[in-house]
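A short worksheet on the structure shown next.
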Amino acid sequence: MEYGFAFFPGQGAQAPGMGKDLYENSAAARLVFEEASDGAGLDVAKLCFDSDKATLARTENSQIAIFTHSMAALAALREAGVTFRAAAGFSLGEYTALAAAGVVSLADGVKIVSMRGKLMQQAADATDGAMAAILGLADDKIEAACAAVTSGLVRPVNYNCPGQLVIAGEKAALAEAIEGCKAAGARRALPLAVSGAFHTPLMASAATALRDFVSDLTFAAPQMDIYSNLDGQVLDCTDLPAHLEQHMISPVRWTQLVRNGIAAGLTTACEIGPGKTLTGFAGKIDKALSCRAVADMAGVQAAAE
């Protein structure tokens with residue numbers, strides 16, 4: 001069975017017990033967990049299966065857990081004969097897409113994601129940042145509300161789907177932007193349970209350090225197209241260290257990415273890993289895209305039929 005897109009979720013999709021069914025029922029998935037544990041220097045299976053919500057919510061833990069679960073689910077899908085024409089991931093998920101496309105090995109992917117999580121946690125701890133989802137307001141009005149803020153840095157960061165855009169920044173500035181969005185007619189503003197203002201310049205120190213870290217690694221040519229968060233276009237992999245640096249401080253343009261894929265004929269997808277967030281976005285972006293969530297063996301079996 002072939003699908004257009006392999007979608008990979010980002011931070012926030014984690015949940016206690018994630019990936020356990022795959023680990024217990026797929027040899028290929030179990031091998032991913034074992035290799036991830038070796039590369040990360042910790043028992044990733046134990047982290048995923050036995051941790052509580054608070055432990056998994058820490059950036060340094062959630063990123064390696066989500067990456068590993070997603071790669072394990074992909075391994076189980078491939079074991080079942082499922083193939084994909086292209087890959088894309090939301091924020092952290094773009095790193096999973098790079099591994100899925102063969103640009104980075106699983107071992108190097110684990111190293112990069114582990115380091116990214118630690119660096120972002122450090123940057124979050126050193127800044128007073130937060131994020132909030134703005135619902136029911138046009139993107140241009142949210143952008144204008146952020147631009148009008150005078151109390152600090154705040155930016156639109158996650159263009160999730162029509163009617164849902166996440167903003168992030170310093171807490172005082174974020175509060176001012178939320179009030180501006182409400183005044184402009186936003187239906188709701190939901191604070192997100194994250195530890196920092198991701199995809200903003202507040203992550204600049206982490207972005208620079210990550211670029212230095214990945215500069216010593218070897219990258220291969222992609223085995224399938226990877227659609228980028230930065231502009232929604234097929235990623236040019238010629239300078240990945242520079243791309244990954246910009247990726248950490250720039251918005252995720254998911255709506256445009258999905259629309260570009262559909263225009264290129266990618267009208268089926270599997271969301272591979274924990275949660276169903278991207279599946280929900282797909283239905284709101286364009287009904288032409290059929291997306292199914294694959295988090296466990298039942299999902300693998302359904303996708304392979």
Side-chain angles (χ1 to χ4, degrees), residues 6-80 82 89-97 99-100 106-107 109-114 116-118 120-121 124 131 133 160 190-195 198 269-282 291-305:
F7 284 156
F8 299 103
Q11 196 167 337
Q14 69 277 353
M18 57 192 288
K20 188 174 183 179
D21 177 60
L22 293 165
Y23 180 90
E24 292 177 344
N25 294 288
S26 165
R30 190 177 312 115
L31 184 59
V32 169
F33 274 97
E34 291 169 355
E35 291 184 12
S37 295
D38 289 342
L42 61 88
D43 189 337
V44 180
K46 182 177 177 60
L47 173 67
C48 289
F49 308 159
D50 300 335
S51 296
D52 58 22
K53 286 185 178 181
T55 300
L56 275 177
R58 286 190 61 81
T59 297
E60 59 196 288
N61 293 328
S62 60
Q63 295 202 16
I64 189 62
I66 293 166
F67 174 83
T68 302
H69 183 184
S70 293
M71 289 301 293
L74 176 66
L77 282 165
R78 286 174 167 166
E79 190 178 42
V82 178
F90 192 99
S91 187
L92 162 69
E94 187 155 306
Y95 290 73
T96 321
L106 176 62
V110 168
K111 293 175 185 176
I112 296 169
V113 170
S114 295
R116 181 180 189 261
K118 291 172 184 175
M120 290 177 68
Q121 187 69 59
M131 304 175 74
N160 293 344
L190 301 176
L192 301 187
V194 296
S195 57
F198 303 138
C270 289
E271 178 177 5
I272 305 170
K276 299 180 179 179
T277 300
L278 303 181
T279 303
F281 291 166
C291 185
R292 64 166 70 237
V294 180
D296 53 22
M297 287 306 297
V300 170
Q301 291 159 3
E305 292 177 353

Practice item. Test S37 against D43 for side-chain contact (heavy atoms from CB on, under 4.5 Å), laying out the working first. Key: CA-CA 5 Å; S37 295; D43 189 337; 4.2 Å; yes
Revision key, fill the gap. Paired with F67, the side-chain contact (heavy atoms from CB on, under 4.5 Å) test is passed by just one of V32, V44, V110, namely V110
Tell me the closest heavy-atom pair linking [X] and [Y], and the distance in Å.
X    : Y    : result
A73  : V300 : O-CG2, 4.4 Å
P274 : S70  : CD-OG, 3.9 Å
A40  : S114 : CB-OG, 3.8 Å
G275 : A293 : O-CB, 4.1 Å
E305 : Q301 : CG-O, 3.1 Å
A302 : R292 : CB-NH1, 3.5 Å

Review point. Is the backbone of G117 close enough, under 3.5 Å, to the side chain of T59 for a donor and an acceptor to pair up by distance?
Key: no
Nearest 0.5 Å, what's the [atom1]-[atom2] distance between [X] and [Y]?
X    : Y    : atom1 : atom2 : answer
F8   : L278 : CZ    : CG    : 10.5 Å
M120 : R116 : CE    : CZ    : 4.5 Å
L31  : S26  : CG    : OG    : 9.5 Å
F90  : I66  : CZ    : CD1   : 11.5 Å
H69  : L47  : NE2   : CG    : 13.0 Å
S51  : K46  : OG    : NZ    : 7.5 Å

Check your understanding: Does a donor on one side chain and an acceptor on the other come within less than 3.5 Å for Q11 and S91?
Key -> no
Heavy atoms, side chains only, cut-off 4.5 Å: are [X] and [Y] in contact?
X    : Y    : value
M297 : L22  : yes
N61  : Q14  : no
P9   : T277 : no

Exercise for review: Please state whether the rings of F49 and F33 are parallel, tilted or perpendicular, taking 30° and 60° as the class boundaries.
Suggested key: tilted
